[in-house]
Amino acid sequence: MPRDSLTITDNRTGQTYEIPVEHNTIRAFDLRRIKTDPEDFGLMAYDPAFTNTAACKSRITYIDGDKGILRYRGYPIEQLAEQSTYLETAYLLVKGELPKPSHLKAFDQNIRHHTIIHENIKKFIDGFHYDAHPMGILVGTVGALSTFYTDAKRIFDPESRRIQTHRLIAKMPTLAAFAYRHSIGMPYAYPDNDLSYTGNFLNMLFKMTELRYKPNPALERAIDVLFILHADHEQNCSTSAMRGVGSSQGDPYSAIAAATAALYGPLHGGANEAVIRMLMEIGSKDKVAGYIERVKAGEIRLMGFGHRIYKNYDPRAKICRQIASEVFEVTGPNPLLDIAIELERIALADDYFISHKLYPNVDFYSGIIYQAMGFPMDMFPVLFAIPRTSGWLAQWIEMLQDDDQKIARPRQIYLGPDERDYVPVSERPE
Ligand code: ACO
């Protein structure tokens, strides 16, 4: 009779243990029963980079990396990208269900109501050096928001969580746009709450002397779809930072600052910038084959390729490829696209990439689109952080309501020196 358990025999002692299996997982803590003697601490699992450890149970995002499936709260990403808006998707992530029409209207109004930032925040931004990276400015200013909203510390009060959620989703584009305007020496453009979420973001970035900024509807929709694609991706590096910092029960602004900092790195939110640099380094289609040889020799990595979870085409990359052609109809083509398509063609037919299951990820095409829209590369990770804020908040709220969770505290295998006596510096040999 099959049972939902695992039988483990410890060959050190000959003892046998039965460990329950639930959701195809064993509880790592059950391993602690496995001891060589009563004084023994018990067995642990060693899993650097958490490649095979579930740190939570979640009902937010489902990924099947082998099949290339991504769903938010059960809805396929392809359907959301085609039919939803970023704000509706943010509602879905944070609240768990698609909104009724009246709820969507109220949510939209709440977000518009919170787009303005305190004037003092402008003073911090002014204090950054003229060429400060906007992502660095974003990390600093979003963390600083916690000092303006002291009620944010009441993390177990649902009403406080609701307001901080609205504030964060609303203010991230404003902080991001102000960071950008600072970096190019332009006066800040205040929010125009008659525009959509993404239309207003474009207004705050690109408004010049005109009385009212009118976003191009195709570009406004393209950014909205890119925001939907980037809204959540379950337990990645920045979301783990959000949960890890949030688990100490600090306020959400500080946790979002940590998550934004995690997203800053080139292996995570900085990858699309690395893709553009790589395409510029390659320079032309005829150099692609030679570049691929260098990748295969282990000299360099093909940026925008490979993923910890997807061992198939990243479904978001497919949608990005479609958006690219729609955007180029408005902006004119990005010459780097031809090199990217050639790179993808050669790589997908090459044994190295096939055997390593390396396919384009979301970052492979997103940078090319952002560049064609006129964004400088420094803004790419910022464009990722804005929509991911709703995913981070959804994961944070879920964690706070999960009775299984407590402060995150991994174990280690200590391999350093055994106990030894201190020797004063004067007695130590040179
Ligand atoms: N180019 C060439 N080889 C690669 C690449 C790549 N982009 N990615 C992985 N590999 C190879 C590794 O060399 C390794 O080969 P080996 O087993 O022969 O030594 C094997 O594939 C496994 O690689 P790991 O680094 O162990 O895979 P991991 O799951 O840790 O890494 C990562 C995932 C970081 C995304 C990696 O694929 C990578 O560096 N890609 C380029 C950066 C990038 O595009 N990041 C964006 C990720 S998506 C996002 O954050 C939104």
Side-chain angles (χ1 to χ4, degrees), residues 47-53 61 63 65-66 68-70 72 77 81 135 225-242 259-279 281-282 288-321 323 336 340 343-370 377 379-392 395:
D47 189 8
F50 308 117
T51 53
N52 197 38
T53 295
T61 291
I63 302 176
D66 291 329
I69 293 174
L70 170 62
Y72 298 158
I77 193 68
M135 194 67 166
V225 175
L226 286 165
F227 278 10
I228 293 172
L229 301 185
H230 286 89
D232 195 54
H233 214 234
E234 51 117 310
Q235 308 312 313
N236 52 79
C237 176
S238 56
T239 302
S240 303
M242 180 79 196
T260 309
L263 192 64
Y264 200 171
L267 294 188
H268 193 8
N272 50 6
E273 176 174 343
V275 172
I276 298 290
R277 292 195 193 286
M278 173 187 77
L279 296 174
E281 188 194 330
I282 297 173
V288 167
Y291 197 84
I292 296 265
E293 286 313 309
R294 288 177 61 205
V295 173
K296 285 160 64 178
E299 258 179 70
I300 36 176
R301 281 200 167 197
L302 197 53
M303 298 314 287
F305 259 68
H307 198 276
R308 173 64 57 78
I309 306 288
Y310 293 116
K311 302 302 168 198
N312 199 325
Y313 211 103
D314 179 338
R316 301 167 301 171
K318 270 192 204 142
I319 301 169
C320 276
R321 228 183 123 155
I323 301 172
L336 295 180
L343 203 57
E344 181 185 333
R345 189 187 67 77
I346 298 187
L348 292 185
D350 191 292
D351 266 356
Y352 175 88
F353 295 90
I354 295 170
S355 62
H356 285 79
K357 298 190 175 166
L358 296 171
Y359 294 86
N361 60 48
V362 68
D363 288 319
F364 193 64
Y365 288 107
S366 61
I368 301 175
I369 301 172
Y370 289 140
M377 281 188 273
M379 279 298 283
F380 293 179
V382 172
L383 291 162
F384 193 158
I386 295 169
R388 186 54 62 90
T389 298
S390 58
W392 289 330
Q395 301 273 350

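Keep in mind it's a predicted model, so treat the numbers as computed, not measured. Order of listing sets the numbers, starting from 1, for every ligand and every atom in it.
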Ranked by distance from atom 48 (S) of ligand 1, the top protein heavy atom is H307 CD2, 3.5 Å
Can a protein heavy atom be found under 4.0 Å away from atom 22 (C) of ligand 1?
no
Closest to atom 35 (C) of ligand 1 among protein heavy atoms sits G306 O, 3.7 Å
of all protein heavy atoms, closest to atom 47 (C) of ligand 1 is N361 ND2, 3.7 Å
So for V295 against ligand 1, with non-hydrogen atoms under 4.0 Å, the contacting part is side chain
- [ ] Would you check if W392 and S238 make a side-chain contact, meaning some heavy-atom pair closer than 4.5 Å?
- [x] yes
The answer for which part of T51 has a heavy atom under 4.0 Å from ligand 1 is neither
Based purely on interatomic distance, does Y352 place a nitrogen or oxygen under 3.5 Å from a nitrogen or oxygen of ligand 1? yes
In ligand 1, the atoms that come under 4.0 Å of a heavy atom of L267 are 39 (O), 45 (N), 46 (C), 47 (C), 50 (O)
- Item | Under 3.5 Å donor-acceptor, T389 side chain and A385 backbone | yes
for atom 41 (C) of ligand 1, nearest protein heavy atom and its distance come out as F305 O, 3.4 Å
- Contact check: G304 vs ligand 1, nitrogen or oxygen atoms, below 3.5 angstrom: yes
TODO: Using a 4.5 Å cut-off on heavy atoms from C-beta on, say whether the side chain of F227 contacts that of I386.
DONE: yes
For this session: Before signing off on this row, confirm whether A271 and ligand 1 have an N or O atom pair separated by under 3.5 Å.
Result: no
Atom 4 (C) of ligand 1: closest protein heavy atom, distance to 0.1 Å, is L358 CD1, 3.5 Å
Side-chain contact, heavy-atom cut-off 4.5 Å: L358 with L302? no
Would you say atom 44 (O) of ligand 1 has a protein heavy atom nearer than 4.0 Å? yes
Can you find a protein heavy atom closer to atom 19 (O) of ligand 1 than 4.0 Å? no
Ligand 1 to D363, heavy atom cutoff 4.0 Å, flagged ligand atoms 46 (C), 48 (S), 49 (C), 51 (C)
* Between the main-chain N or O of T53 and the side-chain N or O of D47, is there a donor-acceptor pair closer than 3.5 Å? -> yes
Worksheet entry | Side chain to side chain, I63 and L70, heavy atoms closer than 4.5 Å | yes
message = Between ligand 1 and H356, is the shortest N or O to N or O distance under 3.5 Å?
response = yes
Please determine if E273 and R277 form a salt bridge, counting it only when a charged side-chain N lies under 4.0 Å from a carboxylate O.
yes
Nearest heavy atom to atom 24 (P) of ligand 1, choosing from R301, R308, H268, belongs to R301
min-distance protein heavy atom vs atom 42 (C) of ligand 1 -> M303 CE, 3.4 Å
When rounded to the nearest 0.5 Å, the distance separating CG of L348 from CZ of F353 is 9.0 Å
Would you say the side chain of I292 lies within less than 4.5 Å of the side chain of Y352, judging by non-hydrogen atoms? no
Exercise. Answer yes or no for atom 26 (O) of ligand 1: protein heavy atom present at a distance under 4.0 Å?
Key: no
With a 3.5 Å distance limit and no angle check, can you tell me whether N236 reaches the backbone of E234 through a side-chain donor-acceptor pair? yes
Within the 4.0 Å heavy-atom cut-off, what F384 brings close to ligand 1 is side chain
Rounded to the nearest 0.5 angstrom, the OH-CZ distance for Y310 and R316 is 4.5 Å
Nearest non-hydrogen protein atom to atom 7 (N) of ligand 1, with distance, is L302 O, 2.7 Å
- Measure from the ring center of F384 to the ring center of H233 and say whether it is less than 6.0 Å. no
M379 vs Y370 side-chain heavy atoms within contact, under 4.5 Å:
no
